[in-house]
Amino acid sequence: MLLNFVVLIGTLVAMEGVGTLAHKYIMHGWGWWLHRSHHEPHLGMLETNDLYLLALGIIAAVLVALGKAGHAPLQWVGGGVASYGILYVLAHDGFFHRHWPRKPRPINRYLKRLHRAHRLHHAVKGRTGSVSFGFFYAPPLKVLKRQLQARRRRN
């Protein structure tokens, strides 16, 4: 039981690295054609970028199914992937982009830093020159602002 919990939590933590790399190199790389909708104004609640979340859900479901079929640790890996997806929806869509009926505001230093870092990520129009690709970790705001300034000088 303890091993299962460790696998679940370990996967949840590792997903921040996977998510950061996927956001930087896939979503802002060859997968920009889907992610672009997230960086542009849109009319409804759904955008083509949501297909990434659907893919994450399918991966989590397949891992859980494989785990249930006899590869036990995989169900807990799938649970970690699914947990990350749920936290992403709550934090990113609800908190950062405020897609909830009630518009929450950041209340502590950690949430304020994440919120500001996400705003800096969206300060750049287009796929290049963005900073802060993580969802639950953000470098210090001074670092991000220096990175943005340096990238603007280069372009």
Side-chain angles (χ1 to χ4, degrees), residues 6-64 74 76-155:
V6 169
V7 169
L8 181 114
I9 297 300
T11 302
L12 180 59
V13 170
M15 282 301 297
E16 176 64 8
V18 171
T20 298
L21 293 172
H23 189 190
K24 185 172 185 175
Y25 296 108
I26 296 173
M27 295 176 182
H28 280 256
W30 58 266
W32 176 251
W33 63 280
L34 286 174
H35 188 60
R36 176 187 294 134
S37 67
H38 181 64
H39 286 267
E40 296 175 346
H42 54 88
L43 299 174
M45 289 224 11
L46 297 176
E47 50 193 46
T48 57
N49 181 65
D50 294 335
L51 291 173
Y52 285 117
L53 191 58
L54 178 64
L56 188 68
I58 290 170
I59 291 167
V62 167
L63 287 168
V64 169
L74 290 182
W76 300 103
V77 172
V81 172
S83 298
Y84 184 83
I86 290 166
L87 289 172
Y88 166 84
V89 168
L90 293 174
H92 182 264
D93 292 349
F95 183 69
F96 295 150
H97 290 286
R98 305 175 77 209
H99 291 180
W100 293 345
R102 188 162 173 261
K103 312 286 189 226
R105 295 271 181 209
I107 56 172
N108 62 42
R109 286 177 45 187
Y110 169 72
L111 293 175
K112 286 178 182 177
R113 180 169 152 176
L114 281 183
H115 191 262
R116 289 179 184 141
H118 195 75
R119 285 181 32 211
L120 288 174
H121 175 76
H122 281 274
V124 175
K125 302 301 176 208
R127 75 189 241 187
T128 57
S130 288
V131 295
S132 189
F133 293 92
F135 298 114
F136 298 107
Y137 169 76
L141 295 175
K142 289 179 183 178
V143 171
L144 295 176
K145 288 177 181 179
R146 278 196 303 266
Q147 288 175 350
L148 266 178
Q149 289 170 349
R151 290 175 184 174
R152 286 180 176 156
R153 280 193 295 265
R154 277 188 262 146
N155 293 334

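Computed from a predicted structure; not experimentally measured.
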Nearest non-hydrogen partners of T48 and S37, listed with the distance: OG1-OG, 3.0 Å
Nearest heavy-atom neighbours spanning L120 and K145: CD1-CG, 4.1 Å
Close side-chain approach of Y84 to F136, heavy-atom, < 4.5 Å: yes
Of H118, H38, H28, the residue whose pairing with H23 passes ring-ring contact (aromatic ring centres under 6.0 Å, His included): H28
Non-hydrogen side-chain atoms of M15 and L56 separated by less than 4.5 Å: yes
Value rounded to 0.5 Å, distance of CD1 in I26 from NE2 in H35: 11.5 Å
Side-chain heavy atoms of S83 within contact of L12, under 4.5 Å: yes
Qualifying residues under side chain to side chain donor-acceptor pair (under 3.5 Å), relative to Y88, sequence neighbours excluded: H92
Inter-residue atom distance L21.CG - M27.CE, 0.5 Å rounding: 11.5 Å
Side chains of H39 and K125 in contact at under 4.5 Å (non-hydrogen atoms): no
R127 (side chain) donor-acceptor with R36 (main chain) under 3.5 angstrom: no
Smallest separation among heavy atoms of V7 and W76, with atom names: CG1-CB, 3.8 Å
Heavy atoms from other residues, nucleotides or ligands near CG of L54 exceed 12 (cutoff 6.0 Å): yes
Over all atoms of both residues, closest heavy-atom pair of P139 and R113: C-NH2, 3.3 Å
Whether S130 side chain and V124 backbone form a donor-acceptor pair below 3.5 Å: no
Side-chain (Y137) to main-chain (T20) donor-acceptor, under 3.5 angstrom: no
Residue pair Y52 / L34: nearest heavy atoms and the distance that separates them: CE1-CB, 3.7 Å
Shortest non-hydrogen separation from A117 to L144 and the atoms involved: CB-CD1, 3.5 Å
Atom OH of Y110: over 12 foreign heavy atoms under 6.0 Å: yes
Heavy-atom donor-acceptor pair, S132 side chain to A138 backbone, under 3.5 Å: no
